[in-house]
Each structure stands twice: as structure tokens, then as C-alpha cells.
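These notes are about the structure you will find just below.
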Amino acid sequence: MDLEKTSELLENRRNKLSELRDNNINLFPNDFKVLHTVQDIRSAVKEFPESKTDDETVFSVAGRMMAMNLFGKSSFIRFKDRTGQFQAYIRKDKVGDEAYALFKQLDIGDFVGIRGSIFKTKTGEWTILAFELRIVCKAIRPLPEKFHGLKDPEKRYRQRYLDLIMNPEVREIFIRRSKIIQVIRTFFLERDYIEAETPMMQPIPGGAEATPFQTHHNALGMDLFLRIAPELYLKRLVVGGFERVFEINRNFRTEGVSTQHNPEFTMLEFYEAYATYQDLMNLTEDLFSHLSLEITGSTSIVYQGNNIEFSRKWRRISLLKALEEIGGIDPLILNEKDKLLEFANSNGIKITKRNRTGKIITKLFDVLVQPKLIQPTFVTDYPVEVSPLSRRSEKDPALTDRFELFIAGREIANGFSELNDPEDQKARFMQQVSDRQEGDDESHCMDEDYIEALEYGMPPAAGEGIGIDRLTMLFTDAASIREVILFPHMKPQVQRQV
RNA sequence: GGGCCGUUAACUCAGAUGGUAGAGUAUCUGCCUUUUAAGCAGAGAGUCGCGCGUUCAAGUCGCGCACGGCCCA
């Protein structure tokens, strides 16, 4: 006895299901041969509209029924496959009494296979006239309402499959995301890069300032961390002779969820030997212009009401200049920690006294400058203490050959000439370790194995990371990162049995 | 972590001042062989997110919790 309380709708469907089964009807067959897509039919009628209307030309398509208009002895249905939606006309005298009786038992949401020819209805819509109609898969649960679709954001994210069925624009976002990644991959492969996969589980998490997820390997009896960045491994590959290498993969960071953050997110990182951070800025301009053209057909996009132009050449400004010119800070106080602290506090920016000047400056930047950087802007010359893996600037050893890219007020990329002096790298790690001991949980740990790799010699190189989710947001005009991640992170929900 | 908002039928949403819970779509029954959110006639469908409280009486008021959205840190 099933005492589970079910809705009337669900009960109806289940009853119907067992009734059909009792009549020996296979509701989940796998022998219907699909020979055409909706797109195939559309192309065919476009090219030879007359020749397709004869009964000799038969199409064989399948898809999910999205709407049904049932009359007594004939019916119109709308169904869709991966290429689009189409209409079919089912007539009792064409498919036969038995098939028509079965058809009338079907529901919106069921998958059907149709063989038939093409005709135009009175209103001029191309329609497939079914000679044969078969059920290909029975849906037990009803789809959301056809007109309003599925709107509840919680349900859209938790049951993304429903979102994808009901909201075509959502489907388009993820198709576009796939295309973006494909264009990027091709862009680098054409430039003689090699694609690599480096560890997601790392004994020492590094390559970024963030808190990692921790896990455990039972057989090895060791703790491991989900990576916060692939950087240190990709640079080991540069040591190993992969002079041009990239990876597109997931990073994991224990941080709050927001419209800009998901605990797991996709990052493109690439490294090129003998290049400088200047070269990478040029490369980045090329990548974005190319991407924009490939994806949208134009070098500019509209993001949340702002027109953004990707064609060359983007503004390049040093961090300090940006604070002065865009943030409106008196340059005289930038070198004095006490005055900086005072300024920060008077602007409501929370800073601890322990923070070193570089940290304070970048925090001020985040609040005062970043939101104003709408057009693509490279901000350069970051202080050494916030750039533990970057090469020191020749002109000022307190600065690094580094840039961050901002678009629409958001950090999109971070790149720099790589620090390949193992002794300097070791000293930087030591400083990070001491920051950590003073309570900065996000500072790097000492990675002796990485130092050893550098001791074998890493050619001069430059590397960059680009956040794929935020990039996708730009090209899909999405306000929240959850709109570009298929299954965004959610707390488990206590669900009612339905 | 803080603020504001949301959670009512499968879906989209209404439910002033507390007084037996509503619509459209979907579902079920009947009619209908060119519909386009098809039409006509009829019917069924709800732990009002969860808990506690106030009250003769709570979807509605109060407190707490859960989940979600937006903003802030």
C-alpha cells in the first residue's frame, strides 16, 4: 500500500500510466528512428517548398510535446527537439483508430516520434502531417504552465531542467556559454598553446589568496585541498618545457555566495614563455575583440544598460594613478600609512591596522575606483605585498609587472609577468607565511616543491587568469552569476513529498 | 554577518480594515477534422513554507526558524 500523499494531478498521470501498461503499450521504447531534426524540416521547406508537400517526402522526427489542441478526430500539437519547435497535425484517418486513441491519452511533456509529410495550414504555418505517431517517453509529472513558464528563481536553479524546458532564453545562455569556451579554446590552440589538466586536489593549496575546501584521502592517509587556482602547477609545466600552456577548469573557494560568487567557478589560466605582462594585455584585447565578434557579431556589447566597446585600444593606468585620477585621492597621502588609514576610515572602509600599505591601497581601490571602470581598463603596477607570485618591476622594486582587467565595474582578469627567481619567490612565501601567522587566513603557504621547480629554471614568462563565469555574464547580459552556472550552489531544501 | 522583500492549487498570481481560500493555465468528464495562450458545457483539486504566541476566530497580527531573491559588509 502506498500511503504517500500525492497530488490529484500526479495520481491521474500514474493511473493513466498503469492503464496504458496494462494494454501492453511500451511507454519507454528506444526503437524509434529519428532521421530528421526540426531544423532539417525547416531548411527543406525553405529550399524546395513545393516538392516537400507531396506524400512521398517523409520526415521522421521526435521531440517533447509542449502544447496540444485536441479536436474530436484530429489534433494539432507543438513539439520541440534540440533545434527548435514545430507543429504537427494528427488525423484519426491518417494514423489509424488505435494510434489516435493512444494519442488522446498522451499529455503535454510526453516525447513523441512522428513520421509524416509537410503541408501548410490555412494560416500559412508549415506543419507535419503525421502518418505514424508513437509515444517515445511518458512524462509522469506535468510541466509548468505554458504561458508564464517557470519564474520562481529558487525552483529554476534547483530544477534547472525545468528552467531549460520552459524558458528558451535560459537555454540560449548556456548554449552561448558553451560557444564562448569553444572560441577561447580554439583561440589558444591556434596560437600554439597546449591544453593541460592539473590537479584539482592539492596537498598545498596555492596560486591565489582564498580559503580552500579541505578533503581527505583515506588510502594515502593525507589531507588534500580542492584547488583555489591551478597557477603553481601550470608554471611547473612551463619549467617542464610547455612554453605555451592553458587550462579551463573549475576552482573552489570557501566564500559566501552572491550575484558575483559561486563556491566553484570556472577559470581560464594561460602561461606563455618569453612574454611579458604587456604582451598579455595586447593578447587580452585581441581575445575579447575576437570573442565578441564570434559570439555577437560585433566588437561591442550592451551590458546592464552600458555600451561596452572591446576593440583596441583599452585604457591602461597604474594603480596609484587610478586612485588619484579616478578615485580622487590626494596623492600625498598614498605613501603615508597613518593618513591612509584615517582616509579609509573616514570613507567607511573597514581596514585593520595590521594591514600593510599595499592591502590598504587595494581595498581603497576596490571601493573608490573599481565600480567606475565600465569600459575595459587595465590597472597596472600592483604593490609587491599583494602580488606574491609576480615579477618585480625593473623601475620600482616595490611594484610588480602586473595588471588586472576591469569591465563593467568588475574584475575580469588578472595577469602578470611571472616571478621566476626562486630566492625572491621563497622570500615572498616567507612573508606570506608570517602574514598567515598574524591571522590572514588567505595568505599563501610555503610550497617548497614549487620553489624546487623554479630552482631548475623557469624561462621568463607571463600568465593570466580570466573568470569564465563573469565573462559569460558580460556576453549574456546576466546580472547574477547564477544565471550562467547550470547548477548554482544552494542550501539543501526540506522538500515536501509530492 | 546586517537590512529589505518573498514563500497561497502542478505553474503564474489575487486575497484592505483578522470572520468558511480565489482566478487563469494545467487536470478530469462530454462535444468538436485547420488550431495558434483554440472554443463550448460541466467537475475536481490547497498541511496558505515550518513552529510558537495573541484572539471567540489567523493566509492576514507578533515572535522565532527554514529556504530563496536583492542590497550592504
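Residue numbering restarts at 1 for every chain, and letters A, B, ... go by the order of the sequence lines.
A 4.5 Å side-chain heavy-atom check between A:Lys138 and A:Leu17 finds at least one atom pair inside the cut-off.
The side chain of A:Asn69 lies closest to B:rU35, out of B:rU35, B:rU33, B:rC13. Closest contact between the side chain of A:Lys491 and the listed nucleotides B:rG68, B:rU35, B:rU12 involves B:rG68. Of the candidates B:rG68, B:rU12, B:rA38, B:rG68 carries the atom nearest the A:Arg158 side chain, counting heavy atoms from C-beta on. The side chain of A:Thr127 approaches B:rU35 more closely than any other nucleotide in the set B:rU33, B:rU35, B:rC28.
The only option from A:Arg141, A:Arg14, A:Lys16 that meets the salt bridge (charged side-chain N to carboxylate O under 4.0 Å, His left out) definition with A:Asp107 turns out to be A:Lys16. The salt bridge (charged side-chain N to carboxylate O under 4.0 Å, His left out) test with A:Glu125 singles out one residue from A:Arg78, A:Arg42, A:Lys120, and that residue is A:Arg78.
In terms of position on RNA chain B, the residue among A:Gly149 and A:Lys92 whose nearest nucleotide sits closer to the 5' end is A:Gly149. Across the interface with RNA chain B, nearest-nucleotide mapping of A:Gly124 and A:Ser75 shows A:Ser75 to be the residue nearer the 5′ end.
Nucleotides B:rC61 and B:rA16 are separated by 14 Å at their C1' atoms, to the nearest Å. Only the C1' atoms considered, B:rA66 is 8 Å distant from B:rG49, to the nearest whole Å. Taking the P atoms as reference points, B:rA21 lies 13 Å from B:rU60, given to the whole Å. B:rG44 and B:rG51 have their C1' atoms separated by 32 Å, with the value rounded to a whole Å. As rounded to the nearest Å, B:rG18 and B:rA23 have C1' atoms that lie 23 Å from one another. Rounded to the nearest Å, the gap between the C1' atom of B:rA14 and that of B:rG2 is 33 Å. Spacing of C1' atoms, B:rC31 relative to B:rC70, comes out at 50 Å, to the nearest Å. Across B:rA45 and B:rU29, the matching P atoms stand 16 Å from one another, rounded to whole Å.
Both thresholds, 5.5 Å between centres and 30° between ring planes, are not jointly met by A:Phe71 relative to the base of B:rC32, so the two rings are not stacked.
Using cut-offs of 30° and 60° for the angle between ring planes, the A:Phe252 and A:Phe213 rings count as perpendicular. Using a 30° and 60° split on the angle between ring planes, A:Phe403 and A:Phe378 fall in the perpendicular class, above 60°. Using cut-offs of 30° and 60° for the angle between ring planes, the A:Phe310 and A:Phe288 rings count as tilted.
Rounded to an integer number of Å, the gap from CG of A:Leu129 to C1' of B:rU33 is 11 Å. B:rU33 atom C1' lies 12 Å from atom CZ of A:Phe103, rounded to whole Å. The distance from atom NZ of A:Lys151 to atom C1' of B:rG68 is 17 Å, rounded to the nearest whole Å. For A:Lys104 and B:rG30, the NZ to C1' distance is 10 Å, given to the nearest whole Å. A:His489 has its NE2 atom 14 Å from the C1' atom of B:rG68, to the nearest Å. The distance from atom CD1 of A:Ile90 to atom C1' of B:rU35 is 12 Å, rounded to the nearest whole Å. The distance from atom CD of A:Gln87 to atom P of B:rA37 is 11 Å, rounded to the nearest whole Å. Rounded to a whole Å, the CG atom of A:Asp152 is 14 Å from the C1' atom of B:rC5.
Looking only at atom types and distance, the side chain of A:Asn251 has a donor-acceptor partner in the side chain of A:Arg227 under 3.5 Å away. Using a 3.5 Å distance cut-off with no hydrogens or angles, the side chains of A:Gln431 and A:Asp435 do pair a donor with an acceptor. No donor-acceptor contact under 3.5 angstrom links the side chains of A:Thr472 and A:Asp469, judged on distance only.
Taking the ring axis of A:Tyr382 as reference, the NZ or CZ atom of A:Arg402 stays within 45° of it and closer than 6.0 Å to the ring centre.
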Anything under 3.5 Å between a protein N or O and an N or O of nucleotides 69-73 of chain B, put it in a table, one pair a line.
unit_1: B:rG69; atom_1: OP1; unit_2: A:Arg482; atom_2: NE; d: 3.2
unit_1: B:rG69; atom_1: OP1; unit_2: A:Arg482; atom_2: NH1; d: 3.4
unit_1: B:rC70; atom_1: OP2; unit_2: A:Arg482; atom_2: NH1; d: 2.8

Can you pull every protein N or O that's under 3.5 Å from an N or O on nucleotides 23-26 of chain B?
unit_1: B:rA26; atom_1: OP1; unit_2: A:Lys146; atom_2: NZ; d: 3.2

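When heavy atoms are screened at a 4.0 angstrom cut-off, A:Gly256 is found touching no nucleic acid atom at all. Using a 4.0 Å heavy-atom distance criterion, A:Lys16 is classed as a sugar-phosphate-only contact.
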Open item on the list: Please determine whether side chain to side chain contact (heavy atoms under 4.5 Å, CB included) holds for the pair A:Cys445 and A:Val433, giving the CA-CA distance in whole Å, both sets of side-chain angles, and the decisive distance to 0.1 Å.
Closed with: CA-CA 6 Å; A:Cys445 300; A:Val433 169; 5.6 Å; no
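Within 6.0 Å of atom NZ in A:Lys321, 12 or fewer heavy atoms from other residues, nucleotides or ligands are found, so the atom counts as exposed in its surroundings. Counted within 6.0 Å of CD on A:Glu342, heavy atoms from surrounding residues, nucleotides or ligands total 12 or fewer; the atom is thus considered open.
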Task: Bracket notation of RNA chain B in which parentheses pair within the strand, [ ] cross earlier pairs, and | pairs with another strand (Watson-Crick or G-U, under 3.5 Å) - done: (((((((..((((.....[..)))).(((((.......))))).....(((((..]....)))))))))))).
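Under the 90° criterion around 0 for the glycosidic angle, B:rA16 counts as syn.
For A:Asp381 against A:Leu319, the heavy-atom pair with the smallest separation is O-CB, 3.9 Å.
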